There are 2 protein chains.
Amino acid sequence: MPTIKDVARRAGVSIKTVSRVVNKDPAVRDSTREHVERVVAELGYTPDPAARSMRSNRTGVLGLVTDMVTTTPYSVDIISGVQDACAEAGMMMLIVNTRGDRAHTEHAIRTLVERKVEGIVYATMYLRALDELPAMGDLPMVLVNCFMADGSVPSIVPDDYAGSYAATSHVIELGHRDIALLSVNPVIIAGERRGRGFRRALLDHGLTCTPDRVRAGQVFENGREVFVAAEATLRFLDAAQRPTAIVCGTDAIAMRAYNAVRERGLRIPDDISIVGYDNFVMIAEALDPPLTSVALPYYDMGRTAVSWLRRLGHGDGLAEPTLLMPCPLIRRASCRPL
Amino acid sequence: MPTIKDVARRAGVSIKTVSRVVNKDPAVRDSTREHVERVVAELGYTPDPAARSMRSNRTGVLGLVTDMVTTTPYSVDIISGVQDACAEAGMMMLIVNTRGDRAHTEHAIRTLVERKVEGIVYATMYLRALDELPAMGDLPMVLVNCFMADGSVPSIVPDDYAGSYAATSHVIELGHRDIALLSVNPVIIAGERRGRGFRRALLDHGLTCTPDRVRAGQVFENGREVFVAAEATLRFLDAAQRPTAIVCGTDAIAMRAYNAVRERGLRIPDDISIVGYDNFVMIAEALDPPLTSVALPYYDMGRTAVSWLRRLGHGDGLAEPTLLMPCPLIRRASCRPL
DNA sequence: CATCATTCTGATAACGTTGTCAGGCGTGTC
DNA sequence: GACACGCCTGACAACGTTATCAGAATGATG
């Protein structure tokens with residue numbers, strides 16, 4: 001590996017001049033710059049990041065802390081988004097998994113601070129509210145898919161309320177009047193927001209939301225999530241008057257609703273329309289008929305987080321302390337006009 | 001941030017002694033060591049990785065290069081495995097995504113080499129054979145889910161042949177004699193291996209494998225994968241004598257087979273047994289009935305890769321240049337005795 | 001041609017660590 | 001008491017870069 005000295009010697013200039021050229025300092029005569037650049041290319045010189053960072057305290061590295069994001073297929077796009085944005089900015093990404101527990105998280109952040117990352121993206125698997133964050137000096141930080149209750153840290157989350165509102169409105173506009181909700185566990189914040197979007201859409205369109213039209217599709221039972229979507233769907237179907245459409249809290253729930261609908265010998269979308277949430281293509285496209293679903297903009301959330309971090313790193317402020325990312329409705333074949 | 005000098009001054013020793021204590025050099029008197037350690041804890045000193053790596057050329061960082069692993073839910077466990085193993089070894093993981101193209105890959109590896117990672121894990125989304133690898137000096141490297149045709153680089157891949165053999169044998173042992181294969185595109189290496197395992201299991205159990213019992217569940221069509229599993233299944237079902245079991249190349253294919261079976265008004269597993277591959281729990285557990293499937297040991301592959309890398313980094317050799325990881329059969333409810 | 005401002009360049013000192021090597025200090029031996 | 005030996009410690013250089021600041025080269029002006 002050639003060093004800056006080798007380049008300087010070969011080019012017949014001082015190391016400082018080489019440093020200037022490499023760092024695009026304009027105070028170098030054009031002829032000198034070109035000459036040095038040629039030698040740099042010739043020798044294949046690249047500055048040593050360790051030495052550079054020791055002097056300048058800039059490492060060109062961002063940290064990504066996740067609770068379990070890598071262990072679930074859902075939100076893995078966050079990683080891709082962060083990764084791609086880093087690459088475009090000539091930066092790298094150091095990733096740490098915390099398994100959601102406090103000790104791991106503190107250790108992870110400490111390690112990243114020691115390694116002098118220039119900023120941290122903190123991403124969670126489920127949308128959740130954070131009570132407190134480990135100390136980390138004045139390092140810029142952006143939260144993805146989570147937020148501080150007091151709004152003290154910039155945060156990027158999907159607009160579950162609006163997404164659910166749009167999905168429900170879509171079904172209403174198709175002519176449906178009797179619509180059921182198969183909700184995510186409302187303990188989960190996303191579940192609560194999606195539920196709210198559903199209800200609001202109903203109200204805004206002059207429909208009423210009766211309690212018997214809302215059932216949980218999954219619940220927590222001794223620490224584990226269990227799906228009860230199939231049973232819940234059967235109860236919808238067996239009711240005196242059965243709904244003509246079901247809005248589902250997730251695609252996984254929707255998949256189970258499909259099973260139940262078929263068990264009763266009914267057809268989708270002829271007898272009943274179904275909408276999902278998450279746009280988990282692996283499921284949505286494999287279902288028969290393909291599932292209309294609301295997409296989570298995870299990739300863009302990751303990208304945006306990096307761009308925010310870079311802005312913060314330059315000392316610039318942010319227009320919005322927290323951003324609600326729109327969740328587009330992806331129309332497939334599981335809904336039809338009534 | 002306190003430096004080694006601060007510790008030395010406060011402890012009344014030289015910086016070298018502090019360095020020795022921090023690096024667990026045994027040539028320090030116990031009383032000195034304890035004293036220095038106390039001061040280190042007091043000041044909260046941690047060595048600067050940049051300075052350390054500049055001197056010693058060791059960074060404590062491993063690189064993970066993936067083609068699209070982060071963009072697919074399947075193999076994301078590789079990341080988790082690598083990550084956890086790194087954390088346990090006190091190392092960190094620098095991750096780069098190449099989108100599968102050559103230029104990105106070269107750039108990624110070059111960047112990692114410049115950053116002085118101590119080894120590289122190169123992981124791909126689909127099992128594939130690599131023709132050549134970008135130059136990277138003498139940096140240790142381990143391939144995951146891919147391999148060099150000439151075996152020149154240590155590699156860890158799932159044993160698709162044995163996995164498929166086991167799945168097929170399972171069905172045979174359940175009494176099935178007329179078994180069909182809904183294969184992954186055989187252009188994909190995993191498809192070829194799984195197909196081979198299927199056929200071998202049949203032969204080993206004294207059954208014959210007729211061409212009309214093998215159909216592709218997915219094909220490449222102008223650059224994109226398209227699923228034809230549903231149609232293929234219908235043709236199996238509509239044959240003069242219909243098979244009593246179907247071995248599927250992937251869970252995604254199996255899910256479409258479910259759809260087709262239901263379309264014909266048949267029941268799983270009563271009328272027909274089905275096995276999947278990938279053990280993609282999100283699908284396998286959501287199907288009705290839950291799908292028996294072969295698991296891919298991605299997490300362990302990631303872990304093993306790191307342990308190999310560390311061994312290589314210490315100059316130790318490897319027992320096996322390439323490792324076939326067993327794929328355990330996960331039994332659920334989609335198969336039953338005939 | 002002298003002067004001065006302007007533009008460009010280089011010597012040298014950091015940054016925080018580890019490696020080299022010399023040396024201090026006990027202890028045991030003759 | 002002199003000496004050798006082993007154990008422990010410290011002064012200083014080195015790693016490859018950037019920052020400081022002085023100074024050289026250039027060009028403009030009187």
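Excluded from the calculations below are hydrogen atoms, water molecules and symmetry mates; all remaining heavy atoms, backbone and side chain alike, are included. In this text, all values refer to a predicted model and were calculated from it rather than measured experimentally.
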**OP:** May I ask you to verify if any side-chain N or O of A/N23 is less than 4.0 angstrom from the OP1 or OP2 atom of D/dT18?
**Re:** yes
Original post:
Would a 4.5 Å heavy-atom cut-off, applied to side chains only, mark B/I95 and A/L64 as touching?
Top reply: no
Subject >> Closest listed nucleotide, where the reference is the side chain of B/K16 and the choices are C/dA11, D/dT17, D/dA11 >> reply: D/dA11
**OP:** Establish, with yes or no, whether the OP1 or OP2 oxygen of C/dG10 is under 4.0 angstrom from a side-chain nitrogen or oxygen of A/S14.
**Re:** yes
Original post:
Counting just side-chain N and O atoms, does A/T32 come under 4.0 Å of either OP1 or OP2 of C/dT9?
Top reply: yes
Original post:
Can you find a donor-acceptor N/O pair under 3.5 angstrom joining the side chain of A/R52 to the base of D/dT17?
Top reply: no
Original post:
OP1, OP2 of C/dT9 versus side-chain N and O of A/T17: anything below 4.0 Å?
Top reply: no
Original post:
If you check every side-chain atom of B/S19, which of D/dG16, D/dT9, C/dT18 has the closest atom?
Top reply: C/dT18
**OP:** Rounded to the nearest angstrom, tell me the gap between atom CG in B/D30 and atom C1' in D/dC8.
**Re:** 12 Å
**OP:** Starting at atom CZ of B/R55, determine the distance to atom P of C/dG16, rounded to an integer number of angstrom.
**Re:** 16 Å
Original post:
In whole angstrom, what separates A/K5's NZ from C/dG10's P?
Top reply: 16 Å
Subject >> Along DNA chain D (nearest heavy atom to each residue), the more 5'-positioned of B/A51 and B/S31 >> reply: B/S31
